Visitor: 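What follows is a structure written as structure tokens; I'll ask about it next.
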2 protein chains.
Amino acid sequence: MKETLNANAQAVLEVVRSSHNHPTALEVYEAVRKVRPRIGVASVYRILHSLAQQGLIRELGRSDEACRYDGHIERHDHAICTACGALLDLPVEVRLSEEALRSAAQAAGIELHSHEVRLYGLCTACRQRLQQAESAEG
Amino acid sequence: MKETLNANAQAVLEVVRSSHNHPTALEVYEAVRKVRPRIGVASVYRILHSLAQQGLIRELGRSDEACRYDGHIERHDHAICTACGALLDLPVEVRLSEEALRSAAQAAGIELHSHEVRLYGLCTACRQRLQQAESAEG
DNA sequence: TAGTAGATTGATAATGATTATCATTATTAG
DNA sequence: CTAATAATGATAATCATTATCAATCTACTA
Ligand SMILES: [Mn+2]
Ligand SMILES: [Mn+2]
Ligand SMILES: [Zn+2]
Ligand SMILES: [Zn+2]
């Protein structure tokens, strides 16, 4: 229910948009402090989540989850549920051309060692759960 | 310099290999406890890192890093330095067919909302740093 | 074989990011 | 203006991970 952005949220959004280096929440906090000195760290976290939920920014790397280990070391891809955080193996390879990979790596200036495709969406359980919640509201 | 795996490391490796759900370090710890009751959590973390370094298992999701925010919400891909953790935007799109995405999502049972390609390797700075360290050893 | 240097281990404390609490402050409705 | 409600931020709590360090194990030597 956050329709309009207040001054704090505006400042946070501006900081994230104007920084080209994927800042952490605490980096955002430090930058926002300069223009909104009274803001607290809790508000920055709250606002970041809210902005991400509204699709105005994007969050990379699951914070609420711990590091996970994979016994399958052959290259493969994953699907991640954006609702519950489930991390699933993709049973099929998502093919992409060797040439596209090479040129992308070169463009980023990275020496390519491996790659991964991540699909984001709703897992079966969450899909059902959300549909039920929806129909219950009516 | 860890050539052979001792009983603890064997047990950890066995747990990760035999679990098909990308366990966290603490989940591995709980499972390993059943066969090696005296093992401590510090050792599990140590062994997991060691196994990952040897390429025997793989770790997913940056633990040592905080969640990062991205002001660019248009779909795009990233390059991640495996040495320093730098997270870079790919300036070019890694094309992959809509059909491949759809079928992979269906195979995983996920309702696809978006996707991301991640390239892993060495960034320019780390490449140079490691090369220098190498030549210094000689 | 006993002794010892060095590596390994695990209990526990420390750290760092994120979240929960909650009293205070701002906003809105009447 | 007042009461109800929502937003805020200081601070405590939580949780995963890492650092410490004394105890234990493991070659290797005398
Ligand atoms: Mn996997
Ligand atoms: Mn980006
Ligand atoms: Zn889910
Ligand atoms: Zn690097």
Side-chain angles (χ1 to χ4, degrees), chain A residues 1-13 15-16 19 21-54 56-70 82-85 87, chain B residues 1-13 15-16 19 21-54 56-70 82-85 87:
Chain A
M1 308 298 169
K2 179 76 90 30
E3 291 301 315
T4 60
L5 301 181
N6 64 19
N8 281 349
Q10 293 275 1
V12 169
L13 180 57
V15 163
V16 176
S19 74
N21 49 331
H22 306 99
T24 67
L26 292 177
E27 286 166 355
V28 172
Y29 171 61
E30 286 307 328
V32 167
R33 247 142 116 56
K34 298 193 177 115
V35 59
R36 305 239 96 212
R38 312 219 20 168
I39 198 171
V41 64
S43 295
V44 171
Y45 277 99
R46 264 193 301 254
I47 291 167
L48 283 171
H49 289 153
S50 165
L51 292 176
Q53 208 159 11
Q54 294 171 76
L56 295 173
I57 64 176
R58 195 170 261 282
E59 53 185 20
L60 305 171
R62 20 196 5 79
S63 57
D64 58 329
E65 290 283 319
C67 181
R68 309 197 86 94
Y69 291 87
D70 198 332
T82 50
C84 71
L87 176 59
Chain B
M1 310 300 167
K2 179 75 93 27
E3 292 300 316
T4 59
L5 302 181
N6 64 18
N8 279 352
Q10 292 276 2
V12 169
L13 180 56
V15 163
V16 176
S19 75
N21 49 330
H22 306 97
T24 67
L26 292 179
E27 286 165 355
V28 172
Y29 171 59
E30 287 305 330
V32 168
R33 246 141 116 56
K34 298 194 178 115
V35 60
R36 304 240 96 213
R38 312 215 22 164
I39 199 170
V41 64
S43 295
V44 171
Y45 276 100
R46 264 193 301 255
I47 291 168
L48 284 170
H49 289 154
S50 164
L51 293 176
Q53 208 159 10
Q54 293 171 76
L56 295 174
I57 64 174
R58 195 170 263 282
E59 52 186 20
L60 303 171
R62 22 194 4 81
S63 57
D64 58 329
E65 291 281 319
C67 180
R68 308 197 87 94
Y69 291 87
D70 197 332
T82 51
C84 71
L87 177 59

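Proteins come first, then strands; the chains are lettered A, B, ... in the order of their sequence lines, and each starts at number 1. Just so you know, these numbers come straight off a predicted model, no measurement behind them.
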Visitor: Quick check for you: to the nearest 0.5 Å, what is the distance between B/L51 atom CG and B/L13 atom CG?
Guide: 5.5 Å

Visitor: Heavy atoms only: give me the nearest A/I47-A/A9 pair and the separation to one decimal.
Guide: CG2-CA, 3.7 Å

Visitor: Measuring to OP1 and OP2 of D/dG9, would you say a side-chain N or O of A/S43 lies under 4.0 angstrom away?
Guide: yes

Visitor: Considering heavy-atom distances to DNA chain C, does A/A42 or A/L26 have its closest nucleotide positioned more toward the 5' end?
Guide: A/L26

Visitor: Taking CG from B/L48 and P from C/dT9, how many angstroms apart are they, rounded to a whole number?
Guide: 13 Å

Visitor: Would you say the base of C/dG10 and the side-chain of B/R36 have a donor-acceptor pair closer than 3.5 Å?
Guide: no

Visitor: Ignoring backbone atoms, establish whether A/H49 has a side-chain N or O less than 4.0 Å from OP1 or OP2 of C/dT18.
Guide: no

Visitor: Which nucleotide in the list D/dT8, C/dT18, C/dG10 gets nearest to the side chain of B/C67?
Guide: C/dT18

Visitor: Between A/R38 (CZ) and C/dT24 (P), how many Å, whole number?
Guide: 14 Å

Visitor: Please give, in whole Å, the distance from C/dG10 P to B/I39 CD1?
Guide: 5 Å

Visitor: Between C/dT12, C/dT9, D/dT8, which nucleotide has the shortest distance from any of its atoms to the side chain of B/V41?
Guide: C/dT12

Visitor: With a 6.0 Å cut-off (strictly less than), is the heavy-atom count around CD of B/Q10, excluding the residue itself, greater than 12?
Guide: yes

Visitor: Which whole-number value in Å describes the distance from B/I47 CD1 to D/dT18 P?
Guide: 14 Å

Visitor: Rounded to whole Å, how long is the line connecting atom CZ of B/R46 with atom C1' of C/dA11?
Guide: 11 Å

Visitor: Ignoring backbone atoms, establish whether B/Y45 has a side-chain N or O less than 4.0 Å from OP1 or OP2 of D/dT17.
Guide: yes

Visitor: From the options A/R58, A/E27, A/E59, select the one residue that forms a side-chain contact (heavy atoms from CB on, under 4.5 Å) with B/R68.
Guide: A/E27

Visitor: Check whether any side-chain N or O of A/Q54 sits under 3.5 Å from a backbone N or O of A/S50 as a donor-acceptor pair, and report yes or no.
Guide: yes

Visitor: Check whether any side-chain nitrogen or oxygen of B/N6 sits under 4.0 Å from OP1 or OP2 of D/dC25, and answer yes or no.
Guide: no

Visitor: Between P on D/dA6 and CG on A/N8, what's the gap in Å once rounded to a whole number?
Guide: 19 Å

Visitor: Rounded to whole Å, please give me the gap between CD in A/Q10 and P in D/dT8.
Guide: 12 Å

Visitor: Could you tell me the separation between the CZ atom of A/R68 and the P atom of D/dA16, rounded to a whole number of Å?
Guide: 11 Å

